[in-house]
Amino acid sequence: MTLDRSEGLAELARALADGEVTSRSLVERALARIEATQTTLNAFRIVRTEAALAEAAAADEELAAGVRRPLLGVPVAVKDDMDVAGEPTAFGCRGEFPPVTEDGEAVRRLRAAGAVIVGKTNTCEFGQWPFTEGPAFGATRNPWSTEHTPGGSSGGSAAAVAAGLVPAALGSDGAGSVRIPASWTHLVGIKPQRGRISTWPRGESFHGITVNGTLARTVADAALLLDAAAGNHERDPHRPPVVDALAATKRDPGRLRIALSLKPPFTAMPARLRPEVRARVVQLAEKLSDLGHVVEEADPPYGQIGLTFVPRATAGIAERVREAPFPALLDRRTRDAARLGGLLGGVPLRAARRAEAVLHRRIGAFFTTYDVILAPTTAAPPPRIGALLSLGGLATDRAMIAACPYAWPWNVLGWPGVNVPAGFVGGGLPVGAQLLGPANSEPLLVCLAAQLEAELRWHSAWPPEHAVTDSPAA
């Protein structure tokens, strides 16, 4: 079998099981690609060269003995907010961090499925911003245009998958941090139901707004990784019913009622959908209509949902800062957010948590009329590297809201959302759209996404070669 970077997660798993390729050869190829692109893309914070090769050798022994597991021997990556035994978890921060002793639950489940973790990908400090840059590791760049960010905070995972360094990767999403980089790197990004993929050793991450999710080039690969990583630690507070996401990608979604929602949710600062992004999202809506779905313009009754987001986000930052071994090295914006979180961590936080049930009822009622929402993932294409890095706190918030006002409400709700590629705008920059649903709607969303993918075949497009010119020939 001749392998190149276009081989996806499911295809590699099949080739390994059929004996067409070895895990060692796949892992060696992934490691070579990572090394060759670190100076251009800088996707990884940690590369597990020796450990990954040892794990690949063990996987080959199992395969030879007839053992079969869903991802046995396949190289994948995880974001550097997830614990991998023997490696530090710096979460975008400066300083020397001690190695952790145990895998986080999501990583444990990936290993149980047989995956080889080749490394930990870059993320901005505590995952706060829609860019992946900082003094701890430099700038992670977009494979479609290295002058632009891949987004954040799961930008390293997105860059690694978009460039074909690994076939799929885990990220995390607290305000769009899987969906935004998926949008800006032409990937499928699944933000699942809260609790679907465990965030243990934290029962809740950032007071429940952050979940772990998947990034891949195809819906089936993103669903396969989701199924492999899904499940709970015995002490997890959120334990949604089991779903089979991969099986759902093979079903016909039927005729759905889809709400095209172009209006940004409530924000305290200006946000405007850029015309070129709007045009791409409307084209997707027209395609869905051509496929037989009923598509109407309608906006969910968000109300002032933002008031419930800020206490949870900033109180979560305050907790992370209290745990940080080198607080003096943290970004000034991080320390400012932590101070605000200290003020909002009592009564306002409790009120924000109570409001979630009200929001579930109000916005849930919208789904008695519609099955799915189609919305922009971002309001703008990816910014240039450095555009947000040196801004002050208020200016950063303004820039974030202007570019990314659409994703975060689903983090408050804890419900699933899937980014799908929506095409390209000026300069060949990718943009995306979200399919959003109510609780536990991953099967419906991935089913619809797979139907779109079959028509649009977005996975056939690759970043220009010059963006990753240091990559070895496949």
### Message
Tell me whether Arg335 is salt-bridged to Asp331, with the criterion being a basic N under 4.0 Å from an acidic carboxylate O.
### Response
no

### Query
Should Val78 and Ile117 count as side-chain neighbours, where that means a heavy-atom distance under 4.5 Å?
yes

### Query
Side chains of Val372 and Leu256: does their closest heavy-atom pair fall under 4.5 Å?
yes

### Query
Roughly how far, to the nearest 0.5 Å, is CZ of Arg384 from OG1 of Thr146?
10.0 Å

### Within 6.0 angstrom of Glu50 CD, more than 12 heavy atoms from elsewhere
no

#### Entry: Leu374 side chain reached by Ser261 side chain, heavy atoms, under 4.5 Å
no

### Residue pairs involving residues 155-190 (criterion ring pair (Phe, Tyr, Trp, His ring centres under 6.0 Å); sequence neighbours excluded)
Trp144-His186, His186-Phe424

### Query
Rounded to the nearest 0.5 Å, how far does CG of Leu435 lie from CG of Leu448?
5.0 Å

### Query
Can we say Glu204 and Arg235 salt-bridge, meaning some charged N sits less than 4.0 Å from an Asp/Glu carboxylate O?
no

### Spacing of CG belonging to Leu31 relative to CZ belonging to Arg24, to within rounding of 0.5 Å
9.5 Å

### Query
If you draw a 6.0 Å radius around CD in Gln38, do more than 12 non-hydrogen atoms from other residues or ligands fall strictly inside?
yes

### Spacing of Leu429 atom CG and Glu147 atom CD [to the nearest 0.5 Å]
9.5 Å

### Task
Kindly indicate, with the supporting measurements, whether the criterion side-chain hydrogen bond (donor to acceptor under 3.5 Å, both in side chains) is fulfilled by Thr22 and Ser25.
CA-CA 5 Å; Thr22 65; Ser25 66; 3.2 Å; yes

### Query
With a 4.5 Å limit on heavy-atom distance, are the side chains of Val84 and Arg48 in contact?
yes

### Task
Would you give the length of the straight line joining atom CD of Gln128 to atom CD1 of Ile317, rounded to the nearest 0.5 angstrom?
3.5 Å

### Name of the residue among Val118, Leu110, Thr214, Leu170 meeting side-chain contact (heavy atoms from CB on, under 4.5 Å) with Val76
Leu110

#### Entry: Whether Arg68 side chain and Leu63 backbone form a donor-acceptor pair below 3.5 Å
yes

### Query
Between the side chain of Arg274 and the main-chain N/O of Ala379, is any donor-acceptor distance below 3.5 Å?
no

### Query
Are Thr377 and Ser183 close enough, and set up right, to give a side-chain hydrogen bond (donor to acceptor under 3.5 Å, both in side chains), and what steps lead you there?
CA-CA 7 Å; Thr377 302; Ser183 168; 4.6 Å; no

### Query
Is there a side-chain hydrogen bond (donor to acceptor under 3.5 Å, both in side chains) between Ser23 and Asp60 once you walk through the steps?
CA-CA 6 Å; Ser23 179; Asp60 283 332; 4.6 Å; no

#### Entry: Over all atoms of both residues, closest heavy-atom pair of Ala113 and Ala228
CB-CB, 3.9 Å

### Query
Would Thr121 and Lys79 satisfy side-chain hydrogen bond (donor to acceptor under 3.5 Å, both in side chains), going step by step from the backbone distance to the final call?
CA-CA 5 Å; Thr121 57; Lys79 184 177 177 179; over 6 Å; no

#### Entry: salt bridge (Lys or Arg N to Asp or Glu O under 4.0 Å) partners of residues 112-124, not counting sequence neighbours, each pair once
Asp80-Lys120

### Task
Could you tell me whether a side-chain N or O of Ser198 sits under 3.5 Å from a main-chain N or O of Asn232, the two making a donor and an acceptor?
no

### Message
With salt bridge (Lys or Arg N to Asp or Glu O under 4.0 Å) as the rule and sequence neighbours excluded, what pairs involving residues 171-181 come up?
### Response
Asp173-Arg179

### Task
With sequence neighbours excluded, give me every salt bridge (Lys or Arg N to Asp or Glu O under 4.0 Å) pair touching residues 123-135.
none

### Task
State, without any angle test, whether Asn212 and Arg196 hold a side-chain donor-acceptor pair at a distance under 3.5 Å.
no

### Query
Is it true that Glu356 and Arg194 have a side-chain N and a carboxylate O under 4.0 angstrom from each other?
yes

### Task
Determine, step by step, whether Glu105 and Arg109 satisfy the salt bridge (Lys or Arg N to Asp or Glu O under 4.0 Å) criterion, reporting the C-alpha distance in whole Å, the side-chain angles of both residues, the deciding distance to 0.1 Å, and the verdict.
CA-CA 6 Å; Glu105 183 65 16; Arg109 288 179 177 270; 2.9 Å; yes

### Query
Do you know which two heavy atoms are closest between Pro405 and Pro265, and how far apart they sit?
O-CD, 3.3 Å

### Side-chain (Ser154) to main-chain (Ser172) donor-acceptor, under 3.5 angstrom
yes

### Query
Are Cys93 and Phe97 close enough that some pair of their side-chain heavy atoms sits under 4.5 Å apart?
yes

### Query
If every non-hydrogen atom of Phe206 is compared with every non-hydrogen atom of Arg320, which pair is closest and at what distance?
CE1-NH2, 3.6 Å

### Query
CH2 of Trp415 to CD1 of Ile373: how many Å apart, nearest 0.5 Å?
8.5 Å

### Message
Tell me if a side-chain donor or acceptor on Ser441 pairs with a main-chain N or O of Leu444 at a distance below 3.5 Å.
### Response
no

### Any Lys191 side-chain heavy atom under 4.5 Å of Asn419 side chain
no

### Query
Of all heavy-atom pairs between Gly171 and Val178, which one has the smallest distance, and what is that distance?
C-CG2, 3.7 Å

### Query
In terms of side-chain geometry, is the basic nitrogen of Arg457 or Glu453 positioned less than 4.0 Å from the acidic oxygen of its partner?
no

### Query
With distance as the sole test, does Arg280 use its side chain to make a donor-acceptor pair with the main-chain N or O of Pro421 at under 3.5 Å?
no

### Task
Could you check Glu20 against Arg14 for salt bridge (Lys or Arg N to Asp or Glu O under 4.0 Å), going step by step and ending with a plain yes or no?
CA-CA 9 Å; Glu20 297 176 7; Arg14 183 207 60 76; 3.1 Å; yes

### Message
Does any part of the side chain of Thr218, heavy atoms only, come nearer than 4.5 Å to the side chain of Val188, both counted from C-beta?
### Response
no

#### Entry: Whether Thr334 side chain and Leu330 backbone form a donor-acceptor pair below 3.5 Å
no

### Message
Tell me whether Arg33 is salt-bridged to Glu28, with the criterion being a basic N under 4.0 Å from an acidic carboxylate O.
### Response
no

### Query
What closest approach, in Å, do Val281 and Gly432 show between heavy atoms, and which atom pair accounts for it?
CG2-O, 4.2 Å

### Query
Is a side-chain N or O of Asn122 found less than 3.5 angstrom from the main chain of Gly156, in a donor-acceptor match?
no

### Exercise: identify the closest heavy-atom pair between Ile180 and Ala175
CD1-O, 3.8 Å

### Expected output: side-chain Thr140 to main-chain Asn42 donor-acceptor under 3.5 Å
yes

### Query
Can you check whether Leu71 reaches Leu225 side chain to side chain, under 4.5 Å on heavy atoms?
yes

### Message
Closer than 4.0 angstrom, basic N to acidic O: yes or no for Arg108 and Glu102?
### Response
no

### Query
Would a distance-only check, ignoring hydrogens and angles, find a side-chain to backbone donor-acceptor pair under 3.5 Å from His148 to Pro383?
no

### Summary of ring pair (Phe, Tyr, Trp, His ring centres under 6.0 Å) pairs that have at least one residue in residues 226-246, sequence neighbours excluded
Trp200-His233

### Message
Under the salt bridge (Lys or Arg N to Asp or Glu O under 4.0 Å) definition, can you give me all pairs with a residue in residues 238-254, not counting sequence neighbours?
### Response
none

## Note on the structure
Only residue of Val219, Leu436, Val418, Ile190 satisfying side-chain contact (heavy atoms from CB on, under 4.5 Å) with Leu445 is Val418

